[in-house]
Amino acid sequence: MKSLKLIFGIIISSGALVMCSCDDNKIGPQPAPAPAPVPGTQVKVITTTASRSMDLKETWLDYSKKDNMSPTCITLLPNEEYQTMDGFGVAITGSTCYNLLKMSPDLRKDFLTETFSPVTGYGFSYCRIAIGCSDFSLSEYTCCDTPGIENFALTPEETEYVIPILKEILAINPSLKIMGTPWTPPRWMKVNNLTELKPHDSWTSGSLNPACYQDYATYFVKWINAMKGQGIDIFSITPQNEPLNRGNSASCYMTWEEERDFVKTALGPAFAAAGLDVKIYAFDHNYNYDNVESQKSYPTNIYADADAAQYFAGAAFHNYGGDKEELTLVHNATPGMDLVFSETSIGTWNDGQNLSTRLLDDMEQVALGTVNRWCKGVIVWNLMLDADRGPNRPGGCQTCYGAVDINRDYTAMTRNSHYYIIAHMSSVVKPDAVRIGTKGYTANGLTYSAFKNPDGSYALVLSNSAGEELKLTVDDGSHHFTAAVPARSAVSFAWNI
């Protein structure tokens, strides 16, 4: 794949998607690449530099035939096992689907294949979708806006945008895992607060009326079954996106006590009665619990109730406040419960389109930082937004960029840091891989994590935020190899034993 120094173009050439650098005017037939080595004889290396001088560049390394005497050696410890990985991916919002459907079918297929194919692409393997609307939808809606749960039905945004795109992705990667999350219940299920219990006919804020717990549980069951009827299996859900955020364009305030009671008395039993094998993750919000003192330790407070805990697989987190060390604290307090990182954004506030600013920080804080603190999955926000950072909803994020931004005529795109960090993980770390231990070399600016895949192959993903190249040796006990890791780069290694 060619390196892209500034912007990634999509050129129509016999219906194919071609990535080219701005200073490369050699358009047309190119020399065939050298054939890939036979698996088990060499190490696959994927490299991206913050300067884009290397852009998901694929190369191969030979195993070393000399004795390993390197003082800069990272040794894998395959018998030291941590969490089993579910996958890495992006949010497939209504806005993402709208933009994708504006592309020509051939270009869209090529892009989705490159992104999601576990064979010829980067193998993105986990995505998050909204149950109803989000701040990146084409309108405000739920699947039951007419009072009465008997009025549940999928909406045109789902049937005309989200579901068609999910079907295209599933045709490319049938093993894709999907997390569903509501931004708000139907408005007729909301009250202003749990003391006055007055109707709250608004998309924003309010609380779930306890009198509607059973109807809302039925809503989840109907939504999961409706998606299944479309050939789309749901792997996991969270009861509420950002439950401590009242201000989003669609939102609902839900304390840990409310989420505990809703799942314990209604949602968990409804899933069990319907025979649904769908994971429920608590919380789905920031490391710092939005500085609401009574809501700190939100998931572990829920787990303290055994009747509620039986229905939860674990908790999901975002990083818009607080520090990733909260993941370790939650894991240590409740080691039997899973952790998933379910949302992070880039935007105008953090120089989100500047790869030299974002790549290494996002590798350290999101891709590797969460995995090294027990997260089984990592999902970033919108896969694709347009040149105006949309479509988006008033009251939601007006300043977010996508993992990929597409131009106004839907023919050229720029990949941002979130695309790269997921690609670096998913291209070599496969679903059901186990994170394993390492020992040996460390250095300022060097962050890494090692894995053993289900097929027995190994993966090592690292970032080097230092301003100089590092020469490392990697040893799995059977083979070792030496690699030059460029300054300010992300590098993924994959090899068979």
Side-chain angles (χ1 to χ4, degrees), residues 1-13 15-22 24 27 48 52 55-56 89-117 121-122 124 127-130 134-138 157 160-169 172-173 343-348 350-355 358-359 362 379-393 396-423 426:
M1 188 174 297
K2 294 188 177 183
S3 63
L4 313 182
K5 294 182 173 60
L6 296 174
I7 188 169
F8 299 88
I10 299 176
I11 300 172
I12 300 176
S13 176
L17 176 148
V18 180
M19 295 295 186
C20 69
S21 60
C22 291
D24 184 357
I27 299 173
T48 301
R52 297 191 197 265
D55 191 290
L56 291 169
V90 290
I92 307 297
T93 59
S95 298
T96 287
C97 297
Y98 176 87
N99 290 322
L100 286 168
L101 288 167
K102 286 287 189 178
M103 298 173 71
S104 73
D106 287 345
L107 295 184
R108 180 173 67 250
K109 181 179 180 180
D110 287 342
F111 170 70
L112 292 178
T113 298
E114 179 186 58
T115 300
F116 290 97
S117 173
Y122 298 118
F124 285 31
C127 72
R128 183 169 178 245
I129 64 175
S134 72
D135 50 324
F136 283 91
S137 295
L138 306 181
E157 181 155 339
E160 296 174 16
Y161 292 93
V162 177
I163 288 172
I165 289 297
L166 288 177
K167 287 182 176 181
E168 289 189 27
I169 295 172
I172 295 165
N173 186 352
E343 187 183 314
T344 182
S345 291
I346 49 174
T348 57
N350 63 5
D351 206 12
Q353 288 184 319
N354 186 344
L355 197 66
R358 291 259 37 96
L359 177 65
D362 285 336
I379 305 171
V380 300
W381 196 207
N382 294 282
L383 170 59
M384 179 182 284
L385 294 180
D386 65 19
D388 298 313
R389 301 187 293 274
N392 55 50
R393 305 305 306 157
C397 183
Q398 308 289 302
T399 55
C400 291
Y401 297 121
V404 168
D405 292 326
I406 194 159
N407 70 344
R408 285 182 169 82
D409 63 4
Y410 302 97
T411 60
M413 63 184 70
T414 305
R415 292 191 295 218
N416 296 320
S417 63
H418 281 178
Y419 191 93
Y420 290 101
I421 68 172
I422 297 301
S426 62

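Please read these numbers as outputs of a predicted model, since none were measured by experiment.
Nearest heavy atoms, M413 versus M103: CE-CE, 3.8 Å. Here the shortest heavy-atom pairing between N99 and M384 reads ND2-O, 3.4 Å. Here the shortest heavy-atom pairing between C400 and R389 reads O-CB, 3.1 Å. S134 and W381 make their closest contact through OG-CH2, 4.2 Å (heavy atoms, listed as atom of the first residue, atom of the second, distance). Of all the heavy atoms in I379 and A91, the pair that sits closest is CG2-N, 4.1 Å. Between A423 and L56, the shortest heavy-atom contact is CB-CD2, 4.0 Å.
The closest side-chain heavy-atom distance from T96 to F136 is not below 4.5 Å. No side-chain heavy atom of D135 sits less than 4.5 Å from a side-chain heavy atom of N392. Using a 4.5 Å heavy-atom cutoff, the side chains of V404 and T414 are not in contact. Counting heavy atoms from C-beta outward, L166 and C97 have side chains that stay 4.5 Å or more apart. In this structure, the side chains of F111 and L383 come closer than 4.5 Å at one or more pairs of heavy atoms.
Using a distance-only test at 3.5 Å, with no hydrogens or angles considered, no donor-acceptor pair links the side chain of D351 to the main chain of T348. Not one N or O on the side chain of E343 forms a donor-acceptor pair closer than 3.5 Å with the backbone of R128. No side-chain donor-acceptor contact under 3.5 Å links D362 to the backbone of H418. In this structure, the side chain of R108 engages the main chain of L100 through a donor-acceptor pair within 3.5 Å. Of the possible donor and acceptor atoms, one in the side chain of N173 sits under 3.5 Å from a partner among the backbone N and O of F124. In terms of modelled atom types and a separation under 3.5 Å, the side chain of D110 and the main chain of E114 share no donor-acceptor contact. Although no hydrogens or angles enter the test, the distance criterion places a donor-acceptor pair under 3.5 Å between the side chain of S95 and the main chain of P391.
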Verdict with reasoning, I172 to F116, per side chain to side chain contact (heavy atoms under 4.5 Å, CB included): CA-CA 7 Å; I172 295 165; F116 290 97; 4.2 Å; yes
Side chain to side chain contact (heavy atoms under 4.5 Å, CB included) between R52 and Y420, intermediate numbers included: CA-CA 11 Å; R52 297 191 197 265; Y420 290 101; 2.9 Å; yes
Worked verdict on S417 versus I346 for side chain to side chain contact (heavy atoms under 4.5 Å, CB included): CA-CA 8 Å; S417 63; I346 49 174; 3.8 Å; yes
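Judged by distance alone, the side chains of T48 and D55 never bring a donor and an acceptor atom under 3.5 Å apart. No side-chain N or O of D106 forms a donor-acceptor pair with one of S104 less than 3.5 Å apart. Side chains of R358 and Y401: no donor on one and acceptor on the other come within 3.5 Å. Counted by atom type alone, N416 and D405 present one or more donor-acceptor pairs between their side chains at under 3.5 Å. A donor-acceptor contact closer than 3.5 angstrom links the side chains of T93 and N382.
Between D386 and K102 no salt bridge is recorded (no basic side-chain N to carboxylate O distance below 4.0 Å). Residues E168 and K109 are not paired through a salt bridge, judged by the lack of any N-O separation under 4.0 Å between the basic side chain and the carboxylate.
The structure places CD of E157 at 4.5 Å from OG of S137, a figure rounded to the nearest 0.5 Å.
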